[in-house]
Amino acid sequence: MRQPSVPTTPTDNPVMNISPSPVIRPPATIAILGGGQLGSMLAHAARHMGYRTLCISSNTDDPAARWADHHLAADPGDANVISRIAADVQAITVETESIEPAALAAAEAIGTRVAPSSHVQTIVRDRRLEKSFLASNHLSVGPFRIVESAAQMQHTAQELFGNGAKEILAKTARGGYDGKGQRWIRTPGQADAAWQALGQVPLVVETRVDFVGEISVIVARSPDGSMSTLPVFANEHRHGILFQTRMPAALSPATTHAAVNLARRTAQHLNVVGLLAVEMFVLPDGRVLVNEMAARPHNSGHVTLRAATRSQFEMHIAAICGLPLPEVEILRPAVMTNLLGDLWPVESPPAATSDGGHRHPDWATVLADGRATLHLYGKTPRQGRKMGHLIHTGHTAEEALASATAAINQLQTHHASEPA
Ligand code: AMP
């Protein structure tokens, strides 16, 4: 089976990438490619650090478009658009993997600081390259195969089940997020249906990992190679979507050490500038495996917005601008809970409102708890769509979790009690 080769650049060697890069100081302008909530929180952080921001996204109504100083309504993945703006900004960053690496390369050619680079973006947006990069650099990753045809799918299923896999998971190489583009396969006979259902596109097929927990480690890395690691977060996913993040993660010192070490080595090998979020599985024996990575702020890192000395968004801006990257300390235990569109009751019959006939959840009750903060992204509600998040703090991790659980139960009860 063909393993796609990981593109290499002269800076692949972590020792070679220590190059002097000028510090980018406020009020320089940072362009954010993409208009989602990660972009809006990046724009917010950049602005309060004194930078100006330009968001490039398709719609003026996008969350990041509303937070940035300036907005350009254009395709952020269009190399022509990016080469036109690149000389007018001091740095360019992305808030989504969907941005075409060619757009970043266009800005690199002009000499603008681009973080992540087109090279990094190429790897992190394609699971085939991502897994091959990890395996070829001896960075711990679970068993996987690359599948690019129906025949390979059949062969791979037979091989992995023959090797003792109980279940395998097929993931589209590109474009899948929040559990989309994934299909569990429980017998070799289900392989063809999965290939068809996923659209007959290149896949990565993984053996199920029997993990005892999921964690993420976010590393901030500057152009001179210096790094800072954020506290390790414990994550719970439901239906492939992040449900909740807890900080601090209840891990042994040995597992914490292994996870931080793995994330830092991954960031070095990738030669990333900015944030690298590394999602990992924790095995019963305490070892960790990388599941996937993102070269941008990560949903789990939202918990730092209210409960750490610096937020992940501030660390990303500091890293791309070459500012100091001190250690981030936990101020108090906290739990971040995602708010999905499912919590927005639909009017019956649908009312002609701007948000498609949805009523809003009962925020008043949730906000009566003084340890809760509400972050809403201003998006139209849709089943499974990330609409916002809650952060609950507490004197202890248990206290924060109890408050978060009470809030979610209350929101779900309120939703269920609404007329259908
Ligand atoms: P991903 O889109 O790769 O982050 O996968 C979403 C979620 O699916 C993960 O956070 C896990 O909860 C689950 N998952 C993904 N890959 C595996 C695997 N190989 N074994 C077990 N669970 C997995």
Side-chain angles (χ1 to χ4, degrees), residues 36 38 96-98 123-135 139-147 153 156-157 159-161 163-187 190-191 194 197-199 201-218 232-247 249 251 259 262-263 266 275-285 287-303 336-338 340 384-386 389:
L38 298 177
T96 160
E97 279 80 46
S98 67
I123 294 175
V124 296
R125 73 200 298 263
D126 188 318
R127 288 187 198 270
R128 292 169 296 177
L129 297 176
E130 182 181 53
K131 299 271 177 186
S132 303
F133 160 83
L134 291 163
L139 299 158
S140 311
V141 61
F144 72 95
R145 298 287 182 276
I146 289 163
V147 163
M153 182 75 224
T156 298
E159 183 209 345
L160 293 177
F161 282 110
N163 289 348
K166 293 183 215 92
E167 276 179 282
I168 60 177
L169 181 56
K171 304 177 177 178
T172 55
R174 289 210 185 155
Y177 66 98
D178 289 347
K180 297 187 182 76
Q182 300 196 359
R183 198 149 163 135
W184 284 102
I185 300 170
R186 294 184 173 88
T187 64
Q190 295 175 346
L198 291 172
V201 293
L203 305 172
V204 163
V205 177
E206 301 173 14
T207 302
R208 188 185 82 201
V209 175
D210 287 320
F211 54 78
V212 292
E214 292 189 77
I215 57 173
S216 49
V217 186
I218 299 182
V232 179
F233 310 126
N235 300 323
E236 181 186 336
H237 291 80
R238 293 190 180 170
H239 311 293
I241 307 180
L242 182 65
F243 167 65
Q244 208 161 55
T245 294
R246 300 172 199 178
M247 177 183 77
L251 295 172
L262 181 56
T266 306
L275 294 186
L276 183 74
V278 188
E279 292 183 30
M280 301 180 196
F281 298 132
V282 181
L283 304 182
D285 62 5
R287 284 182 305 127
V288 288
L289 298 177
V290 175
N291 174 33
E292 66 171 352
M293 52 195 186
R296 52 162 172 76
H298 188 260
N299 193 170
S300 61
H302 297 356
V303 72
M336 187 283 312
T337 311
N338 272 331
L340 301 185
R385 191 177 204 198
K386 288 175 182 164
H389 62 268

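Both counts, for ligands and for their atoms, begin at 1 and track the order of listing. The structure displayed is predicted, hence computed values, not measured ones.
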Which residue supplies the protein heavy atom nearest to atom 19 (N) of ligand 1, what is that atom called, and how far is it?
-> E206 OE1, 2.9 Å
Atoms of ligand 1, numbered as shown, that sit under 4.0 Å from any heavy atom of W184 | 20 (N), 21 (C), 22 (N)
Out of N291, T172, V209, whose heavy atom sits nearest atom 20 (N) of ligand 1?
-> V209
Pick from E292, K180, R238: the one approaching atom 4 (O) of ligand 1 most closely through a non-hydrogen atom | E292
Specify the protein heavy atom at minimum distance from atom 16 (N) of ligand 1: its residue, its atom name, and the distance to 0.1 Å.
-> K171 NZ, 3.0 Å
Salt-bridged, E97 to R174, with N to O below 4.0 Å?
-> no
For T207, the ligand 1 atoms whose distance to one of its heavy atoms is below 4.0 Å | 19 (N)
If you have a sec, work out which protein heavy atom is nearest atom 22 (N) of ligand 1 and how many Å separate them, to one decimal?
-> F211 CE2, 3.5 Å
What are the atoms of ligand 1, with element, lying closer than 4.0 Å to any heavy atom of R208?
-> 20 (N), 21 (C)
Nearest heavy atoms of R127 and T172, plus distance in Å = NE-O, 3.4 Å
So, E279 versus S216: side-chain donor-acceptor pair below 3.5 Å or not?
-> no
Heavy-atom contacts under 4.0 Å between H237 and ligand 1: side chain, backbone, both, or neither?
-> side chain
Could you tell me which atoms of ligand 1, counted from 1 in the order shown, lie closer than 4.0 angstrom to a heavy atom of E279?
-> 4 (O)
Looking at atom 23 (C) of ligand 1, what's its closest protein heavy atom, distance included?
-> F281 CZ, 3.7 Å
Hey, is the main chain of L169 close enough, under 3.5 Å, to the side chain of R208 for a donor-acceptor pair?
-> no
Side-chain (H239) to main-chain (I241) donor-acceptor, under 3.5 angstrom | no
Could you find the nearest protein heavy atom to atom 8 (O) of ligand 1 and give me its residue, atom name and distance?
-> Q182 OE1, 4.1 Å
Would you find more than 12 non-hydrogen atoms of other residues, nucleotides or ligands less than 6.0 Å from R385 atom CZ?
-> yes
Which residue owns the protein heavy atom closest to atom 7 (C) of ligand 1, what's the atom, and how far is it?
-> G240 CA, 4.1 Å
Evaluate the ring planes of F281 and F211, with Trp represented by its six-membered ring, and classify them as parallel (under 30°), tilted (30 to 60°) or perpendicular (over 60°).
-> parallel
Option whose closest heavy atom lies nearest to atom 12 (O) of ligand 1, chosen from M280, E130, R127, E214 | E214
Before accepting this row, confirm whether a basic side-chain N of the pair K171/E292 lies closer than 4.0 Å to the acidic partner's carboxylate O.
-> no
Given V288 and V282, is the side-chain contact (heavy atoms from CB on, under 4.5 Å) satisfied, shown in steps?
-> CA-CA 5 Å; V288 288; V282 181; 4.2 Å; yes
